[in-house]
Amino acid sequence: MPTFRRVTEDDFPLLAQWLSRPHVARWWNHEFTAEAVARDFGASARGEEPSEDFLALEDGAAFGLLQRARWHDYPEYVTELAPYWPVPVEAVTVDYLIGEPQMVGHGLGTRMLAAFTADTWRAYPDASCIVVPVAAGNVASWRALEKAGFRRVADAHLTPDNPIDPTDHVVMSIDRPSA
């Protein structure tokens with residue numbers, strides 16, 4: 001079962017390495033210089049913004065990155081998604097990657113997402129659901145969400161992370177289990 005710990009500034013070189021890998025860069029399209037990683041992950045690592053960044057670990061070894069935030073802490077994203085899916089006030093979102101290429105394609109992403117979903121219910125007791133838009137072309141990503149219990153709730157036209165992609169997105173969601 002994957003475990004999670006908060007990203008610290010000591011993890012930035014690892015994040016830069018992962019962001020530079022072709023299988024990650026294809027979908028994340030993120031700068032991976034030391035300065036860019038510090039700029040984009042520093043505030044979260046220091047607790048200066050509402051989002052949270054975590055490393056995913058298997059047997060103590062880091063293999064992935066997860067980000068978690070309340071949707072309404074980022075109103076510009078709520079506004080963009082609202083025409084396609086009404087984002088509940090207490091909804092949370094996650095983003096994720098598997099940085100180690102040898103760990104892709106073996107079901108680890110699904111296990112990571114299922115474990116992080118359970119962690120999210122504990123960390124956010126008032127969260128009603130987790131809503132995740134995924135580029136429609138990133139089939140492996142939204143299939144991992146499906147296998148982790150998420151369902152497709154909408155199709156949307158959203159700004160893609162990678163400008164080479166069309167605006168087509170699949171919106172996936174999972175509701176908090178009833179007690």
Taking the side chain as every heavy atom from C-beta outward, state whether Leu97 and Leu19 have any atom pair closer than 4.5 Å. yes

Side chain to side chain donor-acceptor pair (under 3.5 Å) with Glu100: which residues, sequence neighbours excluded? Trp18, Arg21

Please give me the minimum heavy-atom distance between Pro50 and Asp73, naming the atom from each residue. CB-OD2, 3.3 Å

Quick check on the hydrophobic clustering: are Val94 and Trp27 connected, directly or via other members, by side-chain heavy-atom contacts under 4.5 Å? no

Partner residues of Gln102 under the side chain to side chain donor-acceptor pair (under 3.5 Å) criterion, sequence neighbours left out: none

Donor-acceptor pairs under 3.5 angstrom involving side-chain atoms of residues 138-146: please list them, not counting sequence neighbours.
from: Asn138; atom 1: OD1; to: Ser141; atom 2: N; distance (Å): 3.4
from: Ser141; atom 1: OG; to: Tyr96; atom 2: OH; distance (Å): 2.6
from: Trp142; atom 1: NE1; to: Ala136; atom 2: O; distance (Å): 3.0
from: Arg143; atom 1: NH1; to: Glu146; atom 2: OE1; distance (Å): 2.2

Looking at every non-hydrogen atom in both residues, tell me the closest pair between Cys129 and Trp121 and how far apart they are. CA-CH2, 3.8 Å

Quick one: which residue pairs count as a salt bridge (charged side-chain N to carboxylate O under 4.0 Å, His left out) with a foot in residues 122-133, not counting sequence neighbours? Arg70-Asp126, Asp119-Arg122

Please check if Val132 and Val170 belong to a single hydrophobic cluster, counting links between Ile, Leu, Val, Met, Phe, Trp and Tyr side chain heavy atoms closer than 4.5 Å. yes

Taking salt bridge (Lys or Arg N to Asp or Glu O under 4.0 Å) as the test, write out the residues that go with Asp53, two or more places apart. none

Can you name the closest pair of heavy atoms from His106 and Arg111 and give their distance? O-NH1, 4.3 Å

If you define the side chain from C-beta out and look only at heavy atoms, does anything of Gln67 sit under 4.5 Å from Ser51? no

Apart from Val87 itself, what residues make up its hydrophobic cluster when side-chain heavy atoms of I, L, V, M, F, W and Y under 4.5 Å apart count as a link, directly or indirectly? Trp71, Tyr74, Tyr77, Val78, Leu81, Tyr84, Trp85, Val131, Val153, Leu158, Val171

Can Phe32 be reached from Val7 by stepping across I, L, V, M, F, W or Y side chains whose heavy atoms are under 4.5 Å apart? yes

Is Leu66 reachable from Trp28 through a run of I, L, V, M, F, W or Y residues, each pair having side-chain heavy atoms under 4.5 Å apart? no

Under the salt bridge (Lys or Arg N to Asp or Glu O under 4.0 Å) test, residues paired with Asp95 that sit two or more places apart: none

Smallest separation among heavy atoms of Gly99 and His23, with atom names: O-CE1, 3.4 Å

Rounded to the nearest 0.5 Å, how far apart are CD1 of Ile174 and OG1 of Thr117? 5.0 Å

Going by side chain to side chain donor-acceptor pair (under 3.5 Å), name the residues that satisfy it together with Thr8, two or more places apart in sequence or in a different chain. Asp11

For Phe41, give me all partners under ring-ring contact (aromatic ring centres under 6.0 Å, His included), at least two apart in sequence or on another chain. His30

My understanding is that only residues two or more places apart in sequence, or in another chain, count here; which of them pass side chain to side chain donor-acceptor pair (under 3.5 Å) with Thr120? Arg68

What pairs with Phe4 under ring-ring contact (aromatic ring centres under 6.0 Å, His included), at least two apart in sequence or on another chain? Phe116

With rounding to the nearest 0.5 angstrom, report the OG to CZ distance, Ser128 to Arg176. 8.5 Å

Work out which heavy atom in Phe12 is nearest to a heavy atom in Ala38; give both atom names and the distance. CE1-CA, 3.7 Å

Would you say the side chain of Val37 lies within less than 4.5 Å of the side chain of Pro13, judging by non-hydrogen atoms? no

Can you give me every donor-acceptor pair (side chain of residues 160-168, partner residue at least two apart or in another chain, under 3.5 Å) with its distance?
from: Asn162; atom 1: OD1; to: Ile164; atom 2: N; distance (Å): 3.2
from: Asn162; atom 1: ND2; to: Arg26; atom 2: O; distance (Å): 2.9
from: Asp165; atom 1: OD1; to: Arg26; atom 2: NH1; distance (Å): 3.2
from: Asp165; atom 1: OD1; to: Arg26; atom 2: NH2; distance (Å): 2.5
from: Asp165; atom 1: OD2; to: Arg26; atom 2: NH1; distance (Å): 3.0
from: Thr167; atom 1: OG1; to: His157; atom 2: ND1; distance (Å): 2.9
from: Asp168; atom 1: OD1; to: His157; atom 2: ND1; distance (Å): 3.2

Compare all side-chain heavy atoms of Met112 with those of Glu58 and state whether any distance is below 4.5 angstrom. no

Using the side-chain contact (heavy atoms from CB on, under 4.5 Å) definition, which of the options Val24, Leu65, Val104 pairs with Ile98? Val104

